[in-house]
Amino acid sequence: MGFFKRLKEKVSQTTDRVTQKFMNGLSKTSSSLVGAMDQLFASYRKIDEDFYEELEEILISADVGVATTMELIERLREEVKERKIKEPAQLQPVLIELLDQLMNGEDEVAELAQNDTGLSIYLFVGVNGVGKTTTIGKLAYRFKQEGKKVVMAAGDTFRAGAIEQLETWGKRIGVDVIKQSAGADPAAVIYDGIQAAKSRKADILLCDTAGRLQNKVNLMEELKKVYRVVAREVPGAPHEVLLVLDATTGQNALIQAKTFSEAVQVSGIVLTKLDGTAKGGIAIAVRHECKIPVKLIGLGEQADDLQVFDTTQFLHALFPEVKNEKDIMA
Ligand SMILES: Nc1nc2c(ncn2[C@@H]2O[C@H](COP(=O)(O)OP(=O)(O)OP(=O)(O)O)[C@@H](O)[C@H]2O)c(=O)[nH]1
């Protein structure tokens with residue numbers, strides 16, 4: 001179903017709070033992207049090579065990425081030909097539909113996997129500072145709100161601060177944290193976490209992992225070991241391996257996605273700090289270029305600023321004025 005049809009249904013159905021979260025969180029990207037596009041559409045009388053070139057620059061500076069931008073422009077040229085569009089201003093709804101398609105259109109809002117026969121185990125991977133610990137705290141809060149019994153394991157033993165930070169989150173939201181001292185073997189901490197979660201009949205165990213070791217090889221070996229321990233202790237686990245990427249690092253996030261996917265089977269991406277950048281186009285690039293679904297996005301530091309990624313809400317927050325094709329055609 002096309003974007004505008006879903007928009008009518010989804011935005012009216014979804015609680016206003018979610019739509020507001022997306023709009024507030026993406027306001028920086030929206031104002032810079034829409035501002036630049038409005039200027040472009042107003043300053044061109046016809047759709048020519050200069051117009052396409054300027055549109056390319058706008059998309060790339062919003063961190064949509066070169067590959068995704070090139071593909072978008074290619075599809076736009078075809079649409080312009082097919083629909084015999086003359087006015088640049090008529091392009092905006094077409095552009096939004098194409099962005100929607102590039103982001104896999106139909107809202108397969110990727111659900112978080114659960115183990116309906118017992119303990120669900122999530123691993124969180126990603127480099128230091130991207131928001132891993134914060135994301136674990138926010139997700140623990142979300143699951144607790146849903147009535148689930150949650151336990152967290154402080155597997156990022158590389159940085160002492162990460163252990164304390166997770167403990168702070170645990171105290172704040174009333175969730176147990178299983179830890180050892182800094183420098184301990186992450187796989188041993190996560191093994192303890194699994195035993196504790198089982199004995200406490202928890203529904204879900206959220207595991208932080210090392211954000212950095214001496215070098216990439218050690219880090220990747222470490223992650224493979226954690227993965228093996230989890231898979232041995234609970235059949236079918238880990239149920240999610242969530243790679244946490246910082247949206248403010250732009251195209252670097254794509255490089256990290258490729259690196260981590262070589263070491264462990266990443267099942268989903270959490271894109272954090274989208275509220276902290278005007279280059280939220282990175283979500284489009286990640287969604288289109290990585291074959292891994294963006295499952296969650298971080299729209300702020302508060303516990304309920306972690307939202308399930310939803311293409312319709314995302315594009316509506318970027319282009320809030322465009323409710324349907326007629327808005328622009330008129
Ligand atoms: N504005 C904003 N800040 C965020 C978001 N997610 C995390 N942060 C902040 O980013 C900073 C780093 O977050 P951490 O959770 O410590 O990063 P980390 O990846 O856990 O770092 P390590 O624990 O070393 O792996 C903290 O100040 C968080 O509050 C977000 O979605 N929006």
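In each ligand, atom 1 is the first atom listed, and ligand 1 is the first ligand listed. These numbers were taken from a predicted model, which means no experiment stands behind them. Atom set for the values below is all heavy atoms of this structure, side chains included, hydrogens, waters and symmetry mates excluded.
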Salt-bridge contact D305-K138 (side-chain N to carboxylate O under 4.0 Å):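 Judged by the 4.0 Å cut-off on N to carboxylate O distance, D305 and K138 do not form a salt bridge.
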Numbering the atoms of ligand 1 from 1, which are under 4.0 Å from a heavy atom of K138?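 Taking each heavy atom of K138 in turn, ligand 1 has 5 (C), 6 (N), 30 (C), 31 (O) under 4.0 Å.
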Atoms of ligand 1 close to G298 [distance to a heavy atom under 4.0 angstrom, numbered from 1]: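 In order of numbering, the contacting atoms are 31 (O).
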Report the nearest protein non-hydrogen atom to atom 23 (O) of ligand 1: residue, atom name, distance rounded to 0.1 Å.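 So the nearest neighbour among protein heavy atoms is R159 NH2, 2.6 Å.
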For atom 16 (O) of ligand 1, grab the closest protein heavy atom and report residue, atom and distance to one decimal in Å.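 Among all protein heavy atoms, the one nearest atom 16 (O) of ligand 1 is Q165 NE2, 2.7 Å.
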Looking at ligand 1, is there an atom of it that comes within less than 4.0 Å of some heavy atom belonging to G300?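 Yes, G300 has heavy atoms under 4.0 Å from ligand 1.
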Working for salt bridge (charged side-chain N to carboxylate O under 4.0 Å, His left out), residues D176 and R200: CA-CA 10 Å; D176 296 345; R200 298 172 201 189; 2.9 Å; yes
Could you identify the single nearest non-hydrogen protein atom to atom 17 (O) of ligand 1 and state the distance to 0.1 Å?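 For atom 17 (O) of ligand 1, the nearest protein heavy atom comes out as G131 N, 3.0 Å.
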Is K273 salt-bridged to D246, going by a charged N under 4.0 Å from an acidic O?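 Result for this pair is yes, salt bridge flagged.
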Pairing of E221 and K225 as salt bridge, 4.0 angstrom limit: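 A salt bridge is absent here (no side-chain N lies under 4.0 Å from a carboxylate O).
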By side-chain contact (heavy atoms from CB on, under 4.5 Å), which residues pair with E74, not counting sequence neighbours?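 With neighbours one apart ignored, the set is R77, E78.
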Please report which non-hydrogen protein atom sits nearest to atom 5 (C) of ligand 1, along with the residue it belongs to and the distance in Å to one decimal place.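 Heavy-atom neighbour on the protein nearest atom 5 (C) of ligand 1: K273 CG, 3.6 Å.
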Applying side-chain contact (heavy atoms from CB on, under 4.5 Å) between I194 and each of V234, I178, V151, report the one that passes.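 Result for side-chain contact (heavy atoms from CB on, under 4.5 Å) with I194: V234.
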Evaluate V130 for polar contact with ligand 1, using N/O atom pairs at a separation under 3.5 Å.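 Among all N and O atoms of V130, at least one is under 3.5 Å from an N or O of ligand 1.
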Numbering the atoms of ligand 1 from 1, which are under 4.0 Å from a heavy atom of L299?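 With L299 as reference, the close atoms of ligand 1 come out as 31 (O).
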With heavy atoms only and a cut-off of under 4.0 Å, state how D305 meets ligand 1: side chain, backbone, both or neither.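 Neither part.
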Tell me if the centroids of the rings in F314 and F309 come within less than 6.0 Å of each other.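 Close enough - the centres of the two rings lie under 6.0 Å apart.
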Stepwise side chain to side chain donor-acceptor pair (under 3.5 Å) check, R287 with T311: CA-CA 10 Å; R287 194 102 160 143; T311 308; 3.1 Å; yes
Got the closest protein heavy atom to atom 25 (O) of ligand 1, with its distance?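 Result for atom 25 (O) of ligand 1: K132 NZ, 2.6 Å.
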For atom 12 (C) of ligand 1, which protein heavy atom lies nearest, and how many Å away is it?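 That would be G129 O, 3.7 Å.
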Stepwise salt bridge (charged side-chain N to carboxylate O under 4.0 Å, His left out) test for E111 and K295: CA-CA 7 Å; E111 296 302 317; K295 293 204 171 185; over 6 Å; no
Does the N or O separation between T134 and ligand 1 drop below 3.5 Å for any pair?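 N/O-N/O distance under 3.5 Å: yes.
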Quick one: nearest non-hydrogen protein atom to atom 27 (O) of ligand 1, plus distance?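 Here the nearest protein heavy atom works out to E301 OE1, 3.6 Å.
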Run the side chain to side chain donor-acceptor pair (under 3.5 Å) test against E167 and tell me which residues pass, sequence neighbours left out.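 E167 satisfies side chain to side chain donor-acceptor pair (under 3.5 Å) with no other residue.
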Would A162 count as a polar contact of ligand 1, with the cut-off being nitrogen or oxygen pairs under 3.5 Å?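 A162 vs ligand 1: no N/O contact under 3.5 Å.
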Output yes when R142 and D304 qualify as a salt bridge under the 4.0 Å nitrogen-oxygen rule, no when they do not.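 Salt bridge between R142 and D304, a charged N being under 4.0 Å from a carboxylate O: no.
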Short list, please: which atoms of ligand 1 are under 4.0 Å from a heavy atom of D275?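 Near D275, the atoms of ligand 1 are 1 (N), 2 (C), 30 (C), 31 (O), 32 (N).
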Report the part of Q307 in contact with ligand 1, treating N, CA, C, O as backbone and CB onward as side chain, heavy atoms under 4.0 Å; options are side chain, backbone, both, neither.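 Neither; no heavy atom under 4.0 Å.
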